[in-house]
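Here the structure comes first, spelled out in structure tokens, and everything after it is commentary.
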Amino acid sequence: MGGGKLIIFAAPSGSGKTTIVEYLLKQEELNLAFSVSATSRPRRGKEKHGVNYYFITINEFKRHIKNDDFLEWEEVYRDNFYGTLKTEVERLWAEGKNVIFDIDVAGGLRIKRKYPNKTLAVFVKPPSVDELKIRLKKRSTESDDKINMRIAKASVELATAPQFDKVIKNYDLDTALKEAYELVANFVGVERK
Ligand code: 5GP
């Protein structure tokens, strides 16, 4: 695989990384395109196949694993598989884009290890685990059980922050967006706004 740069935003669920990634995608000068992951989890709310995720069955997912189709994949939550298809990144590189990922911590670090020089790996830190709980409840897209599962995982993920190139603290969204912009603009070689 050749092509452009890779930008990873990894964080515990509810940290606000999706908001940050969506903001960056709107900044045309950064020339970013979103890597749509494959997942075996069910579709939520207004999510669209091919836009938010490629929603596939567990069997299809396992077939892709066998065929070595993934750049990385994880069973992020039990029976919920998520992965980055090599074809997705190749497609976006062929369009001349820098690729931006919204993936979990383990997957993010795996990509960084595969492409150390062309990858910027950013960890988004939530103010606290309590605040994370409040945000996930507000979002109210999942059951209490699922929320608790996400919280338990978040504590483990927070410990991996030092392995990333940069850490952004998302205490105040506007500040976090500015910081994220600066980091990415520097990395892809765009003059600051
Ligand atoms: P959600 O179910 O909330 O959409 O995502 C759950 C977690 O899986 C999030 O942390 C999300 O970033 C992560 N995730 C999404 N796509 C991928 C992927 O392709 N690979 C990995 N390793 N994690 C992913």
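What you see below is based on every heavy atom in this structure, not just the backbone, and it leaves out hydrogens, waters and symmetry mates. A quick note: this is a predicted structure, and the numbers were derived from the prediction, not measured. Residue indices begin at 1 and follow the sequence shown. Just follow the structure's listing: the first ligand is 1, and inside any ligand the first atom is 1.
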- Mutual orientation of the aromatic rings belonging to Y115 and W93 [parallel < 30°, tilted 30-60°, perpendicular > 60°]: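 Perpendicular: the ring planes of Y115 and W93 meet at over 60°.
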The protein residues that pass the under-4.0 Å heavy-atom test against ligand 1 are K17, S37, R41, R44, Y53, E72, E74, V76, Y77, Y82, G83, T84, D102, I103, D104, G107, R150
Which atom of V99 lies closest to which atom of S35, heavy atoms considered: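 For V99 and S35, the tightest heavy-atom pair comes out as CG1-CB, 3.6 Å.
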* **Full working for side chain to side chain contact (heavy atoms under 4.5 Å, CB included) between E179 and L183** => CA-CA 6 Å; E179 273 181 39; L183 287 178; 5.5 Å; no
Using the ring centroid of each side chain, check whether F164 and F9 are separated by less than 6.0 Å.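 No, too far apart.
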* Decide if atom NZ of K178 counts as having more than 12 heavy atoms of other residues, nucleotides or ligands within a radius under 6.0 Å. => no
Q.
If you apply the rule side chain to side chain contact (heavy atoms under 4.5 Å, CB included), what do you find for F70 with L85, and how did you get there?
A. CA-CA 4 Å; F70 287 115; L85 289 162; 3.6 Å; yes
